Amino acid sequence: AGGTDVGEQAAAAAAAVLSPEQEFEACLEHAVTCMMAEVNAVGEVMLEVGAPQGWGPSRLDSRQLAQVLAALQQAAAKGGADATVLRQGSTEMTAEGGVVSACTADVLVRRRATGGVPSMEVRVAVIGNVDSGKSTLVGVLTRSMLDDGRGLARGKVFKHHHEESTGRTSSIGQHNLCLDSSGGILNDSQFRATNCGDYVKHASKVVTLVDLAGHEKYFRTTAYGLTGHMPDYACLIVGANMGVVGMCKEHLGVALALKVPVFFVITKVDICPEHVLKNTVQSLASILKKPGVRKKPYLVRGHGEVLTAARNITSDSLAPIFLTSAVTGKGLDLVRMFYSLLPQRHRWVEAQGQAAEFIIDETFGVPGVGTVVAGTVKRGVITPNTPLLLGPDIGDGTFKAASIKSIHYKRLPVGQVVAGQTAALALKKVKRAQVRKGMVLVDERLQPCASWEFDADIAILTHSTTIQPRYQAVIHCEIIRQAARVVAMDMERLRSGDRACVRFRFLQRPEYITPGTRFVFREGRTKGIGVVVASEKPSASSTPTGSLA
């Protein structure tokens, strides 16, 4: 009897050890399940199939790779997504018997458009010095056209008449690049700001290009765009013939201070002599290697490099550089592909389960509709008739009940918006004079209150003299843009390069400020960066009476 027991145990052990084929199948099945869960949560995923630390089974031969890709496409189609093979190749891998050649592939899996709100939105702030070609690049990308070198493309994206006459952007413009499930661009020459809802309806992913001003006198607008519009990435435009000059470094400094990953587009390479272009690239590379930046310059010249850049852009150590011309179209296909592959930087899925918060960055009075506020959903889900609190009130800094009449997402009427998306909300029974930029709509469960004072950890970047209590600067903290005074600090005085814990007090009105938020403060040029540690909860006595100066 003992012998049969041993025999049975041996048979069970043999069954427990899977054959290589069964192990491969089990590994593939598990990987596909994980991949579809991620696609359903986020909207897209980029996979390295067959790579050593990649997705699913590794060390694949060509037959196994074909099997994996077929399983991927089948699972994606079943889950309402498309799997697109971006690149196939082979890599050398070390195995027990020495070095073996294995087949690899890069695959993009993206959910198909459902006719409602696209599942993904990525925001990119376009920054750089004046006359470097920011609006031209935005016009060329969103209108799928080439420029004539005389301002044709930028004329399509300007908001105001004075911008057209001077050729300089003075406001914040938002333009949409609509992408389908296989990574193609839906924008064509018929695309207009007024009909963008038709394109958004058929898009699986939308890249919002936030076109900012380059001129020094509009720097406060640009700083507001970089903080208030919550960009995922910043695209720094450098004119090849001008080099890294003027406000270019200033804009780069603000983006780095806010921990926004930056990539670089060098424009106008068609009119730039070879030695000047080489000099521009070298000066940009030397800035990137400086101690405060510490990024590796990575010149993108082909599709394989675009994949590497898109996969590592969030790692904070890589700085992709593209060479383009809006007139000849050189390098634009690589920029388009890069925009298409950019992943979302934040996992907004986790914020969707929290209490709703919507930050207002623009207000409108629409005839026949009433007051409309535009901004970003920071957390939670917002639907029509949701009861929210609007504040801090212009008069007394309190929060008043407000209800939402309807919601538009990129000119498309929708039933709900979720964390990470921009939207326009029509409010019921709220006068236009009662709302301003910098207010928020929040769930009453959060029990919001406005603060006059807040504590922050700050670092001084550049300052010619010392900073002492009573020093005043303008705070740019998400949608808040207001002058504040230092009322207390843990050091006697601060100079360039110092770090300290400081208490600021707003000068005009109390604001809704949340701990953990990054901000910049400036007095003319950028002076320092900081993180909000705590906001003071106001008591009845803390509201100033009259003397603010």
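Source: prediction; values computed, not measured.
- Taking each heavy atom of C477 and V532 in turn, the nearest pair found is SG-CG2, 4.3 Å.
- With 3.5 Å as the limit, one finds no donor-acceptor pair spanning the side chains of T422 and T376.
- Every residue two or more places apart in sequence or in another chain that forms a ring-ring contact (aromatic ring centres under 6.0 Å, His included) with F263 is listed here: F338, Y339.
- Summarising the geometry, atom OG1 belonging to T169 is positioned 4.0 Å from atom CZ belonging to F158; distances are rounded to the nearest 0.5 Å.
- With contacts defined as side-chain heavy-atom distances shorter than 4.5 Å, the pair V130/E216 does not qualify.
- Side-chain contact between T280 and V238 is present, with heavy atoms from C-beta onward closer than 4.5 Å.
- More than 12 non-hydrogen atoms from other residues, nucleotides or ligands lie less than 6.0 angstrom from CZ of R87.
- Between the side chains of Y224 and D361, no donor N or O sits under 3.5 Å from an acceptor N or O.
- With respect to the salt-bridge test (charged N to carboxylate O, under 4.0 angstrom), the residues K134 and D211 do not qualify.
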Might you work through the side-chain contact (heavy atoms from CB on, under 4.5 Å) test for L341 and L86, ending with a clear yes or no?
CA-CA 10 Å; L341 297 176; L86 303 169; 3.9 Å; yes
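- The minimum heavy-atom distance between A255 and V262, with the atom names listed, is CB-CG2, 3.8 Å.
- Across all their heavy atoms, I458 and L494 have their closest contact at CD1-CD1, 4.0 Å.
- Between the side chains of E511 and Q482, at least one donor-acceptor pair of N or O atoms lies under 3.5 Å.
- Distance CZ/F191 to CZ/R143: 6.0 Å, rounded to 0.5 Å.
- R192 contributes a side-chain N or O that, together with a main-chain N or O of S189, makes up a donor-acceptor pair within less than 3.5 Å.
- In this structure, W348 and H346 have perpendicular ring planes: the angle between them is above 60°, well past the 30° mark.
- Judged purely by atom type and a 3.5 angstrom limit, R345 uses its side chain to pair as donor or acceptor with the backbone of D232.
- Atom CG of N129 and atom CG of L252 lie 12.5 Å apart (nearest 0.5 Å).
- The ring-ring contact (aromatic ring centres under 6.0 Å, His included) test applied to H202 returns no partner, not counting sequence neighbours.
- Looking at R518, its side chain does come within 3.5 Å of a backbone N or O of A257 through a donor-acceptor pair.
- Formation of a donor-acceptor pair under 3.5 Å by the D147 side chain with backbone atoms of L152 is found in this model.
- Of all heavy-atom pairs between N176 and N187, the closest is O-ND2, 2.9 Å.
- Here S132 contributes atom OG and M242 contributes atom CE; the two are 5.0 Å apart, rounded to the nearest 0.5 Å.
- There is no side-chain donor-acceptor pair under 3.5 Å between K268 and N241.
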For I237 and I127: C-alpha separation, side-chain torsions, deciding distance, then whether side-chain contact (heavy atoms from CB on, under 4.5 Å) applies.
CA-CA 6 Å; I237 311 282; I127 51 178; over 6 Å; no
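- Under a 3.5 Å cut-off, the side chain of K201 and the backbone N or O of L412 do not form any donor-acceptor pair.
- Atom OG1 in T222 sits 9.5 Å away from atom NE2 in H476 (nearest 0.5 Å).
- The side-chain heavy atoms of I313 and Y233, taken from C-beta on, include a pair separated by under 4.5 Å.
- Using a 4.0 Å cut-off between a side-chain N of Lys or Arg and a carboxylate O of Asp or Glu, E44 and R111 do not qualify as a salt bridge.
- Closest approach of E305 and V300 over heavy atoms only: OE1-C, 3.6 Å.
- Between E250 and R522 there is no salt bridge, since no side-chain N of the basic residue sits under 4.0 Å from a carboxylate O of the acidic one.
- Donor-acceptor pairing under 3.5 Å is recorded for the side chains of T514 and T517.
- By the 4.5 Å heavy-atom criterion applied to side chains, L332 and L137 are counted as neighbours.
- Partners of T114 according to the side chain to side chain contact (heavy atoms under 4.5 Å, CB included) rule, which considers only residues two or more places apart in sequence or in another chain, do not exist here.
- A salt bridge between R154 and E163 is absent, with no side-chain N of the basic residue lying under 4.0 Å from a carboxylate O of the acidic one.
- Residues R411 and D198 are not paired through a salt bridge, judged by the lack of any N-O separation under 4.0 Å between the basic side chain and the carboxylate.
- With hydrogens and angles disregarded, a donor-acceptor distance shorter than 3.5 Å links the side chain of T166 to the backbone of H162.
- For the pairing with H229, the side chain to side chain donor-acceptor pair (under 3.5 Å) check across Q174, E478, R123 returns one residue only, Q174.
- The main-chain N or O of V140 is never found under 3.5 Å from a side-chain atom of S144 such that the two would form a donor-acceptor pair.
- Separation of atoms CG (L277) and CG (L323) is listed at 5.5 Å; rounding is to 0.5 Å.
- Within a 6.0 Å radius of CZ in R499, other residues, nucleotides and ligands contribute 12 heavy atoms or fewer.
- The closest side-chain heavy-atom distance from L212 to Y218 is not below 4.5 Å.
- Remark: side-chain polar atoms of S451 are not paired, donor with acceptor, to backbone N or O of F454 under 3.5 angstrom.
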Can you list the steps and then say if V435 with L390 is a side-chain contact (heavy atoms from CB on, under 4.5 Å)?
CA-CA 8 Å; V435 287; L390 175 68; 3.5 Å; yes
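- Annotation: side chain of L186 is not in contact with side chain of L179 (no heavy-atom distance under 4.5 Å).
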Would you sort out whether D106 and R311 count as a salt bridge (Lys or Arg N to Asp or Glu O under 4.0 Å), showing the intermediate values?
CA-CA 11 Å; D106 289 273; R311 193 174 284 119; 2.4 Å; yes
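- F219 has its side chain within reach of V254: a pair of non-hydrogen atoms, C-beta onward, lies under 4.5 Å apart.
- Looking at every heavy atom in both residues, A203 comes nearest to C178 through CB-CB, 3.8 Å.
- In this structure, F519 and I513 have side chains that are not in contact, with every pair of non-hydrogen atoms separated by 4.5 Å or more.
- No side-chain donor from either of H175 and T208 sits under 3.5 Å from a side-chain acceptor of the other.
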Please test Q421 against Y409 for side-chain contact (heavy atoms from CB on, under 4.5 Å), starting from the C-alpha separation and ending with a verdict.
CA-CA 8 Å; Q421 293 180 329; Y409 172 81; 3.9 Å; yes
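- Judged by distance alone, the side chains of H463 and R495 never bring a donor and an acceptor atom under 3.5 Å apart.
- Ring to ring, F264 and F322 are not that close: their centroids are 6.0 angstrom or more apart.
- D82 pairs with exactly one of R112, K205, R110 by the salt bridge (Lys or Arg N to Asp or Glu O under 4.0 Å) rule, that one being R112.
- For H303, the NE2 atom is loosely surrounded, since the number of other residues' heavy atoms within 6.0 Å does not exceed 12.
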